[in-house]
Structure formats: C-alpha cells, structure tokens
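The structure under discussion appears below in the form of structure tokens.
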There are 2 protein chains.
Amino acid sequence: MDGLISVAQAQALIERHTLFSGSETVPLALARGRVLATTLRAERDQPPYDRVMMDGIAIRASAARAFETLGTQQAGRPPLTLAGETDCLAAMTGAVLPTGADTVIPIERLVATENGYRLEDDYVFHVGQFVHRRGADCHRDDNLLEPGIRLDAPALAVLASNGAAQVEVARLPSVAIISTGDELVPVEGPVRAWEIRRSNEHAIAGALAARGFTCLEALWVGDDMDATVAVLERALAAHDVLILSGGVSMGAFDHVPAALGRLGVQRVFHKIAQRPGKPMWFGTDVQGRRVFALPGNPVSALTCCVRYVVPSLLASLGLGPHESGMAPVTVRLDTPADRIPTLARFVPVRVRHDASGVVRAIPAPVPTSGDFSHLAATDGFVELPPGREPAETDMAAPFHGW
Amino acid sequence: MDGLISVAQAQALIERHTLFSGSETVPLALARGRVLATTLRAERDQPPYDRVMMDGIAIRASAARAFETLGTQQAGRPPLTLAGETDCLAAMTGAVLPTGADTVIPIERLVATENGYRLEDDYVFHVGQFVHRRGADCHRDDNLLEPGIRLDAPALAVLASNGAAQVEVARLPSVAIISTGDELVPVEGPVRAWEIRRSNEHAIAGALAARGFTCLEALWVGDDMDATVAVLERALAAHDVLILSGGVSMGAFDHVPAALGRLGVQRVFHKIAQRPGKPMWFGTDVQGRRVFALPGNPVSALTCCVRYVVPSLLASLGLGPHESGMAPVTVRLDTPADRIPTLARFVPVRVRHDASGVVRAIPAPVPTSGDFSHLAATDGFVELPPGREPAETDMAAPFHGW
C-alpha cells in the first residue's frame, strides 16, 4: 500500500534506534525484575566448606560401629576436631564437617547408647556420605550470572549468597505518556455527553509497569499547536522516551508530527501496513530520545504499545530478542481468523495451554479499534500476515501478551 | 512411603485452609496487577455518543456531491447542527457527530472548493459510514469486569473509561519470611569460613513480589528455642502468612514445629513424598493464619515456595486454579528425565516455545538441593510423578515458573 511500511520494517527501524539505556547501582532488595548489567563472579567456593547435609553424627569411616559423643558440631560454629575412630560429634544440617571426620550418619540410622550412638545392625554406609563438598556447586571467581538476565528468584538467591548487597542493573528509561485531544477528561470528576475519560494513559502505564517500567509520567494536552509544543518540549527535557496517543491522523487539529518536527524530533516512519494502528508515527532526536506517536483509539494505542514500544524499551535494558518480545513466542490458532489482503492484522486472543503442551489462541476480535470494553477478557493478540485467505485453525502465529 | 502424603494431598490440604483475603479500595494508579474484588458496570453507553471515526466532513447523506462548510465540529465540544443537504461541518476523529448528520466523508476523498468541499468524482460512500454508534461497544450498566480478574492493561483502560478512580481489589496478605539457622549471616558485611549468607529470604521475596505480593517482612532467628518462640509470636501478631525456611528436619536444634505448637499453630501435615522438599511442614491457627515451614536448602525452599505457597497466596486473592497455579500449565519434555520410585520429583527446566506452538521444557537438574548456583539459568521446574521408568522425551508434565 502507498507509503506504508511493513510490520517487520517498522520493527527493524525501531530496533536500529534503540540504544542501551546505561546502568545504575541499586540495593539488592530493589533489584528484583531488573536486568543485570554486569557479570557476577562467585565470592567464595559454594558450599564454602564441607557441609553436613543431614542431622546425625559426624565420624571418620572405619570398621567401628559404636561411637562416643565428644560434643556437638553446631551450625555457624568453627569446626571441632574428631580424635579417633570411635569418636563422633553430633552434627546439624548446615554445619561445617568437623576436622578429621569424613562421613555423616543420619539420626534415623542410630541407636542411642550410654555415652553415644551405635549404628543400626544392618545399616551399611558409604564413606563420604551426606557431606556436601566444598566447591561442589561452584568455585570462587566462577562466572555465575551474565549481563542481560532478568533478576528472578533464583538469581536473587545467587546474588545474596555471593554478598552482592548492591547490584549493577540496567537503568530504567524514563517515559512520558502523553494523551492528546480536547474530548478527553480525567477519570475522576464529571464527564459531559460529548466527552470521554482518559483511558489510554492507564492502559499504556499498565503495560509498561507490568514489565517493570515504573519511571512514568502521564501528561495531557488539548488540540492546540502552541500547547502541544510546550508540553512536548518539557517532556523531551525530562524523559528518554515519549509515548503519545492521538493526534497522528489527517485532521486539521493533529498537531503532533508538526510540533515534534519543531522540537527537532525527526520522523523515522509514519504509517504501517497493519490494522489496527495504521497511522503510527515514530521518530528520534539527536540525543537518541525515542518518540512513539500512537493512534488514539484504545485498541490501536495498546496494540501498538505492546507490539513496538514494549520491545524497544525491553531491548534498551540489554534483554535479548526472546525476552524483549522482538522475537515473540508462537501459538496455534484455535479457530480460523480473517486476514486483510494488504495489511497485517492484530487479533485479540485468549490463550490456553492444552494438555499436550500446545499453546492455543482463541480469537476474540473486536468490531472496531474503538471497541475495547471486552478486551479485558483477552490475554494479548496474535499477528496475522497480510493475505486473502483466512488464517486456518492450527496455523502458527506470533503472540504478544498484554 | 511411611507417613508421607502425596503432592496432590498436600495441595488439597493447603487449599482447604486458604480463605479469601478480603478486599480494600485503592486508587486506580495503584490497581495494576491487583485482583478485582467487585463487578464493574458500565458508567455510560460506550461510545457515549455517535462518534466521528475519521477526520473529514460530516454530512447528511443525499444525492448532493458538493458541500458548503458551516464550521468545524471539534472534539470535546457539544454537537453543532447541520441545516441542509448541501451543508457540511469539518469533523475531527473523536468528535460527536453533529445533529442532523449521519455520514462522515474522509478528508482523503474530498476536493477543496471555494467555500467547502466536493466528493472525488468516482467516490461512492455508504450512509452511516465512519460513525461509531453510541452504545456499539457496550450499554450503560452492562457488566464489564467480573471479580477475580487480574487488572492488566485492558482492564485498567476499562476502569478508567468508566470513571473508576477508586477500585475495590483483593487485600494483599501480609507475609513474614523467616530464615532460621545459626550459620546464616546477612548479605552485607563479613562472612566467616563456616558461615553462609542468607539467600532464601531474597529468593522467596523475589518469587512473591513477582506475583504482586509486596507486603513482606524478612526476619531471622538462630537455633534457640526461646528466640524462635519470640520471633514467631511477633510474626504471627503482625502477619497473615508465615514462610519459614530451615528448622524442620530431625535435628536437636530444629525448634520450629515445637515453637509453632506452643503458639497455637496446629500441624496440618509434615513431610511430602517429593524431592526436593520432603520435610515441608504446614499448619494453621484458629484465626486462619497459614504457616509454611520449608526446608532450608535453597533449591528445596524455593521449589516448595513456588509449588505450594504461591498458589495458596494467589488463591486467597480470589484467582481461579489456572491463574493461581493450583492447576499449572502443561509443557512437553525435550529430553528424558529420571524419576524416583516413591517420590514426586521436581526438576528445574528451561522452557522454549517452538515454532509449532509447543512449550518444550529442557531439564537442567541440580546435583543436590544445596546446589543452586546454576538455577538462575532455568525458568522453573516440572513435576514428575513417582515412577521407576524415566520420563521420556515428549512426555507432558505440569510446569511452574520461578
């Protein structure tokens, strides 16, 4: 179609203008969900000592079957010393193995005697059993975590056990979400018959916050050129990324592209061969700030945000294509869905994992991109390439979650 | 195995002691990720008025092909009135359709004239085109959102557009995460050769925070009965749920079950036929507080947290079994994995969505439940039922993400 670029071209252009956001250091307690920006090396061997793995007694393996208890090797205490083959030390899970000991006998296999324990009659043990050897898990200075991973629960445990009280993570881009249009009024307060409440900023902020982007400011500007320039100028001074909704179609009051041009934001593209979201505009300035100007219809705005803005923001943290959504996961259509000959089509879907491990997408199309009341019953959308024939049941399609 | 209950029995017992956490009202800006605790009804018809869908002119359809412009129907303004069949009003996307108009002609199909516009010569329009009819999306008082849904981006848009500046959501349970053991020292500061840094509280807090549970307090207590009672007593007074790690095996210093008993927390079960995590303990008190006492090994603690604690916490918000993880999704094994004849086995895995829509799990077992340095390279774990034969490639298995 005239002047339209494809979805893949739009993504590639955005990717080319997406730079690493830089790094900052945060306390471990605030690092969850952030993206690591450095390599974590092991502080010590893990385990850091030969570690008792069962509650019981520590012995030096020999032919002896009965042991006199010299005391208790508590956890968190320096190692005691075992003198002879008929001595033992009571030992706790997590304690250091006493010096001279090489084997742990679990309490369940012991019979108490006057001054110690004897082994159950038929009990056979293995030398070295129930000792977690120093360095079995990793050695000091091993690379444990690489840059570009999301800090999830296991990664936080690894950071903690290696003394990383402060963590270098990718800096979160600061984002302005700007709604445009004289018809928009706030969520609270009265609304007149010819007005509508602002909803796009809540949807967009929700989609970003769900991915950990919490450095957000919501702004609004009406259909006035000077006001638009003023608001955009302030937003560009304060933020790395601007997300606008509305003001990018053909109207006499669509000041956004012109206002951005006056502020030095150069258009990279305008209009993509897709529905919804055809009028989407993207540009950058010389400082590398990214400006995504999305159509104002709620379905279009949220779809374009998830399809283009979110992957760009995630990629700027150093996440790879699978984690950023640049290379989305594949699902299988559960029922046919119409396609459009000249436009890619984004179809809202519910997803379910079937009992055989397949992710199925149940299309739940909306009549127009203004109809979003029932979008909350969906999980995201699939992307269907342009085509005359409907997408058939079982066709594989890329999926993006809300 | 003697005295052990199955994974399914443990889950059912926990489910039976999981009550709805109650509700609270929060501002819309803080509602993301929360679970709706009420029904949202439509504030107005949506769209609330016959809405112009394209920038262009509004006309009353007739045989006329040329129109005199009376003015502009701006968005956010009351409707103007169209007098005759050869009149038009310039109209913006999002504006109310002028009184007397029934059709919108897009600007691209118009040729400017001295005092207005004429249609392109070959242009054919349909009566009513590019008008989004009042109530097309929903009617006033329609049920738009039901209790028990997670408030994601589309749901936030629906709340906003219906004036829900305050939202009734499920109250987040308050959770104490309590590490036990004399060998444990903080993440920051020195660590001696026989000590290890506390990591479980970071892993558990990370797993909970990733699900939106942010009402968390981390506590530590050493291997001392009186101190354990004192810390647990304070924790029970301040929190709805206690998650302990360590202190539930057989040792002379494992004071946790006894201390809980003294505080009126009744054991529901102790020990599950599973690896890792066999010694897990669960109990409740008369006020319905839930106490999960997990084994201290990092892999065991995190696995039990994700398998049992997380679904219970999510279910207490009113989420259904699929959303809570009580009914986990199914994935397909990518390589065989050993099973254990008498115990369910939780095997860490990486997952990938293949090009046909199947979710494949690549087993990455750890040598012991103390070996967690490489767990950060995994996405979660699969649950294999007890059995003598290995689980074969392509076997379907329930998956739980970290």
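Lettering follows sequence order; numbering is per chain, from 1.
Looking at A:Leu375, both its backbone and its side chain come within 4.5 Å of chain B, counting heavy atoms on both sides. Contact annotation for B:Met53: only side-chain heavy atoms (C-beta onward) come within less than 4.5 Å of a heavy atom of chain A. Of the atoms belonging to B:Asn200, not a single heavy atom falls under 4.5 Å from chain A. For B:Arg150, no part lies under 4.5 angstrom from a heavy atom of chain A. If you measure heavy-atom distances from A:Pro298 to chain B, you find no contacts under 4.5 Å at all. At a 4.5 Å heavy-atom cutoff, the contact between A:Ile196 and chain B is made by backbone and side-chain atoms alike. Contacts of A:Ala164 with chain B are made by backbone atoms alone, with heavy-atom separations under 4.5 Å and no side-chain atom involved. Only the side chain of B:Glu43 has a heavy atom closer than 4.5 Å to any heavy atom of chain A. Heavy atoms closer than 4.5 Å to chain A are found nowhere in B:Asp379, neither backbone nor side chain. The part of B:Val331 that comes within reach of chain A is its backbone (N, CA, C, O), which places non-hydrogen atoms under 4.5 angstrom from that chain. Heavy-atom distances place no part of B:Leu208 under 4.5 Å from chain A, backbone and side chain included. In this structure, chain B has heavy atoms under 4.5 Å from both the backbone and the side chain of A:Pro78. Residue contact with chain B, scored on non-hydrogen atoms closer than 4.5 Å, is absent for A:Asp45.
Ranked by heavy-atom pairs shorter than 4.5 Å toward chain B, the options A:Glu195, A:Arg197, A:Arg51, A:Arg198 are led by A:Arg197. Heavy-atom pairs under 4.5 Å with chain B were tallied for A:Cys138, A:Gly33, A:Ser356, A:Pro367; the largest tally goes to A:Ser356. No other option in B:Cys305, B:Ser199, B:Ser373 has as many heavy-atom pairs under 4.5 Å with chain A as B:Ser373. Interface summary for chain A: among B:Ala155, B:Ala42, B:Ala355, B:Gly181, the most heavy-atom pairs under 4.5 angstrom belong to B:Ala355. If you tally non-hydrogen atom pairs under 4.5 Å between each of B:Gly206, B:Ala29, B:Ala153 and chain A, the highest count goes to B:Ala153. Contact count against chain B (heavy-atom pairs under 4.5 Å) is highest for A:Arg77 among A:Gln46, A:Met54, A:Arg192, A:Arg77. Contact count against chain A (heavy-atom pairs under 4.5 Å) is highest for B:Thr368 among B:Thr368, B:Val96, B:Ile149. The candidate from A:Pro48, A:Ala209, A:Gly94 with the greatest count of non-hydrogen atom pairs under 4.5 Å with chain B is A:Ala209. If you tally non-hydrogen atom pairs under 4.5 Å between each of A:Ala218, A:Gly163, A:Ala165 and chain B, the highest count goes to A:Gly163. Chain B forms the most heavy-atom pairs under 4.5 Å with one residue out of A:Ala193, A:Ala91, A:Gly212, A:Ala207, and that residue is A:Ala193.
Residues B:Val191 and A:Arg44 are in side-chain contact: their nearest non-hydrogen atoms beyond the backbone lie under 4.5 Å apart. In this structure, B:Val167 and B:Leu36 have side chains that are in contact, with non-hydrogen atoms separated by less than 4.5 Å. In this structure, the side chains of B:Leu40 and B:Val158 come closer than 4.5 Å at one or more pairs of heavy atoms. Side chains of B:Leu151 and A:His202 form no contact here, defined as non-hydrogen atoms less than 4.5 Å apart. Here the side chains of A:Pro79 and B:Trp194 are in contact, with some heavy-atom distance below 4.5 Å.
Taking non-hydrogen atoms and a 4.5 Å limit, the residue list of residues 182-189 of chain B in contact with chain A, ordered by number, reads B:Asp182, B:Glu183, B:Val187, B:Glu188. Contacts from residues 394-402 of chain A to chain B, taken as heavy-atom pairs separated by less than 4.5 Å, involve A:Ala396, A:Trp402 in sequence order.
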Q) Under the salt bridge (charged side-chain N to carboxylate O under 4.0 Å, His left out) criterion, do B:Arg134 and B:Asp50 qualify, and how do the steps go? A) CA-CA 5 Å; B:Arg134 174 177 174 162; B:Asp50 289 343; over 6 Å; no
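No donor-acceptor distance shorter than 3.5 angstrom exists from the side chain of A:Thr378 to the backbone of A:Pro348, with no hydrogens or angles considered.
Heavy-atom contacts from other residues, nucleotides or ligands closer than 6.0 Å to CZ of B:Arg133 number more than 12.
Taken to the nearest 0.5 Å, the CD1 atom of A:Ile107 stands 8.0 Å off from the CD1 atom of A:Ile57. In this structure, B:Asn162 CG and B:Leu145 CG are separated by 8.0 Å, a value rounded to the nearest 0.5 Å. In this structure, CG in B:Leu144 is found 6.5 Å from NE2 in A:His374, a value given to the nearest 0.5 Å.
A salt bridge links A:Asp334 with A:Arg352; the closest basic N to acidic carboxylate O contact falls under 4.0 Å.
Inspection of the B:Asp137 and B:His132 side chains reveals no N or O donor paired with an N or O acceptor under 3.5 Å. Counting only N and O atoms by type, the side chains of A:Ser179 and A:Glu201 include a donor and acceptor under 3.5 Å apart.
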